[in-house]
Amino acid sequence: MAAIPFIPGIPPFWIVLLNNIGLAALVAMGLVLLTGVGGLTSFGQAAFCGFGAYTTAVLTTAYGVSPWLTLPLSLLVSGIAAVLLGIITVRLSGHYLPLGTIAWGIGLFYLFSKLEFLGRNDGISGIPPLSIGNFRMLDPGTIYFAIWIGVLVSALLTMNLLDSRTGRAIRALRRGHIAGEAFGVQTPRAKLLVFVYAAVLAGLSGWLYAHFQRAANPTPFGAHAGIEYLFIAVVGGAGYVWGAVLGAGIVVILKEILQSYLPYVFGGQSQLETIVFGILLVVLLQLAPTGVWPWLTARLPLKPARKEPDTSLPLAKRERAPASAGTLLQIEKARKQFGGVIAVNDVSFDVQAREIVALIGPNGAGKSTTFNLITGVLTTTGGTISVLGHKVDNAPPQEVVKLGVARTFQHVKLVPDMTVLENVAIGAHLRGSSGAISSMFRLDRADEAKLLAEAARQIERVGLGDQIDQLAGSLSLGQQRIVEIARALCVDPLLLLLDEPAAGLRHMEKQRLAALLRQLRDGGMSVLLVEHDMGFVMDLADRVVVLDFGTKIAEGTPAAIKTNPDVIKAYLGATA
Ligand code: ADP
Ligand code: MG
């Protein structure tokens, strides 16, 4: 408990402030996960504090339920409210999501202040204090311990969650849904999870608040408070668990100082502190745009503990249907229209087992769109695509990857502030099974060690062993493409789809990549690759398919393609 900011003999005024900091930190911690890590902005978190506070207020005052019994119920009510609101809200995209949270934030505030059994605007008073035996937490100095134990336990559970299979899926949300889904992450479920998690932390804060104030009224649960919680998370460093605590400290203390001293300076002008407060926060964000916590830790001589996965740990192979008749991928008259643009125009080709097929063509020929049709990112307008005899033309990405199809992206989709190891481990998502609860309580460690071991093996395999601990965003773009290959290999795929893997690589690196792909093919994998470097393609591919304006214009061995007049006209001539 050394981390509890407790100094004996501390004046009561500061104890109250510390309590307020702890309560705000709990809500902000949820926002760290929701907004900072998951990328879902919510202005409505204060409403969930309201659910927590009112649940215990009603149950203890009207029904005489013991305060400790109301704790799980308060968390449950906040969680259920979050499931209901979350199902509607997290589907919203872009600016509609924060707007949606403002809407229900305001709506719930009016609901709290209008309901008779919640005491309308006056709220509910006479809430009993928390007590353990004869120890009644009547004053700020005693409930202080309950609040800060709540903060510490929540911080611990949150950090455990983030450092796990589920945590990586959550952290991948911020880069959009496509990358995670390509490896089996159920994005809507992950979003709902963080939404509920954040609401339960806010509910805990509300429950503690009700027993601290011994009363609950609508004011602290309105949209204004919701905005302030978001402020706290951003100032502290959205994305950092301790940033929530630091941000709460900064904002609560700053407000207090301004409220107490500004009237002396400016002679009792009201509202002035709000303006000065706003200006100071903007200045703070100018100095530390990603928040004060990362700004601070970057200046301290702290070295993050290096993860050394035990690469001897085996990870079970994925169970899947055996290859039928040697044809892995069959594309028949696949078609994709975007309005008037026919991006893929009745294209047919196949990929056999142990084969490297290159898909080439000028920019805009429809190569990436073809990849997106195969992997379920886009649905087809017509035609059929089957993997191992299973039709996948309208299957979601999470189902396609289960058949053993893994991919990389032309525009790299890694999480830049996650390490290479963590990014690659997302590829093994379907080969683990630990969920959120077991991760929070560290019951996932055996599963986790195997996933990380597999990720480390694939990183070694692609030759990036030295970079395993670096943040993915710090690597060159060429290396990031190689990281994506390692991530795809973690799927244990039968078919690897690579969209311009050699772009940005130096000559030696291209040769290494070609050697790796040959080795993978000889080991039983098939590769379908899009690439513009003709020397690389013609040297490596067993077969080449040429697209031009969405239409297949040629198919054959590299030697035949090189001399095909249509191809020379459409493509090779253009680059020569
Ligand atoms: P390539 O990968 O061969 O360079 P793409 O498959 O990315 O080509 O694009 C093929 C065509 O489809 C282009 O004309 C492109 O503008 C269009 N296109 C691709 N994706 C979309 C989309 N989501 N919406 C509209 N048009 C698209
Ligand atoms: Mg492309």
Side-chain angles (χ1 to χ4, degrees), residues 93-94 175-182 187 329 331-349 351 356-383 385 392-397 400 405-414 477-478 480-482 484-485 487-488 495-505 510 513 517 527-534 536-538 540-541 543-555 561 564 566-576:
S93 57
R175 291 290 282 129
H177 60 101
I178 292 175
E181 289 182 352
T187 318
L329 174 69
I331 301 181
E332 278 170 80
K333 289 197 180 291
R335 187 176 184 84
K336 183 64 187 180
Q337 268 174 260
F338 295 108
V341 178
I342 305 173
V344 178
N345 191 357
D346 297 340
V347 169
S348 305
F349 68 94
V351 177
I356 298 180
V357 176
L359 188 61
I360 66 169
N363 275 329
K367 307 178 296 292
S368 295
T369 305
T370 304
F371 269 28
N372 286 339
L373 293 178
I374 298 168
T375 53
V377 175
L378 297 171
T379 54
T380 53
T381 313
I385 299 173
V392 295
D393 32 87
N394 288 313
V400 180
V405 179
R407 70 171 295 181
T408 66
F409 297 90
Q410 181 181 348
H411 303 287
V412 172
K413 292 188 197 298
L414 297 172
L477 209 52
Q480 293 188 28
R481 292 178 181 284
I482 304 294
E484 284 214 342
I485 296 177
R487 181 175 66 179
L495 174 62
L496 194 56
L497 305 185
L498 306 177
D499 202 342
E500 306 196 9
L505 293 189
K510 283 186 185 177
L513 175 62
L517 297 182
V527 180
L528 175 63
L529 89 153
V530 167
E531 188 47 62
H532 285 298
D533 180 335
M534 282 307 121
F536 181 86
V537 165
M538 296 302 176
L540 180 66
R543 207 147 49 86
V544 180
V545 174
V546 190
L547 294 184
D548 190 25
F549 290 111
T551 309
K552 185 170 95 173
I553 57 167
E555 176 175 350
I561 292 296
N564 183 312
D566 290 338
V567 177
I568 292 170
K569 194 165 142 229
Y571 186 54
L572 296 180
T575 55

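Please read all numbers here as calculations on a predicted model, not as lab measurements. Numbering of ligands and ligand atoms starts at 1, following listing order.
Looking only at distances, a side-chain donor or acceptor of E531 sits under 3.5 Å from a matching main-chain atom of A502.
The S368 neighbourhood of ligand 1 comprises atoms 1 (P), 2 (O), 6 (O), 7 (O), with distances under 4.0 Å to a heavy atom of that residue. Shown in contact with N363 at under 4.0 Å from a heavy atom are these atoms of ligand 1, numbered in order with element: 4 (O). Residue A365 approaches ligand 1 through these ligand atoms, each under 4.0 Å from one of its heavy atoms: 1 (P), 3 (O), 8 (O).
The shortest N/O to N/O separation between V341 and ligand 1 does not fall below 3.5 Å.
The shortest contact between atom 12 (O) of ligand 1 and any protein heavy atom is with A343 CB, 3.2 Å. Scanning all protein heavy atoms for the shortest distance to atom 4 (O) of ligand 1 gives G364 N, 2.7 Å. From the protein, the heavy atom lying nearest to atom 24 (N) of ligand 1 is F338 CD2, 3.3 Å.
With atom 6 (O) of ligand 1 as the reference point, the heavy atom nearest to it among T369, I360, T370, V377 is part of T369.
Distances from the Mg ion (ligand 2) show that N363 has no N/O/S atom below 2.8 Å. Put simply, T369 stays out of reach of the Mg ion (ligand 2), with no N, O or S atom under 2.8 Å from it.
Checking N345, D393, T380 one by one against R335, the side-chain hydrogen bond (donor to acceptor under 3.5 Å, both in side chains) holds for a single residue, N345.
Ion pairing between R481 and E484 fails under the 4.0 Å rule for side-chain N and carboxylate O.
Assignment of G361 to the shell around ligand 1 is not supported, since no heavy atom sits closer than 4.0 Å.
In summary, the side chains of Q337 and T381 do not present any donor paired with an acceptor at a separation below 3.5 Å, with no hydrogens or angles considered.
For the pair K336 and F338, the cation-pi criterion (under 6.0 Å, within 45° of the ring axis) is fulfilled.
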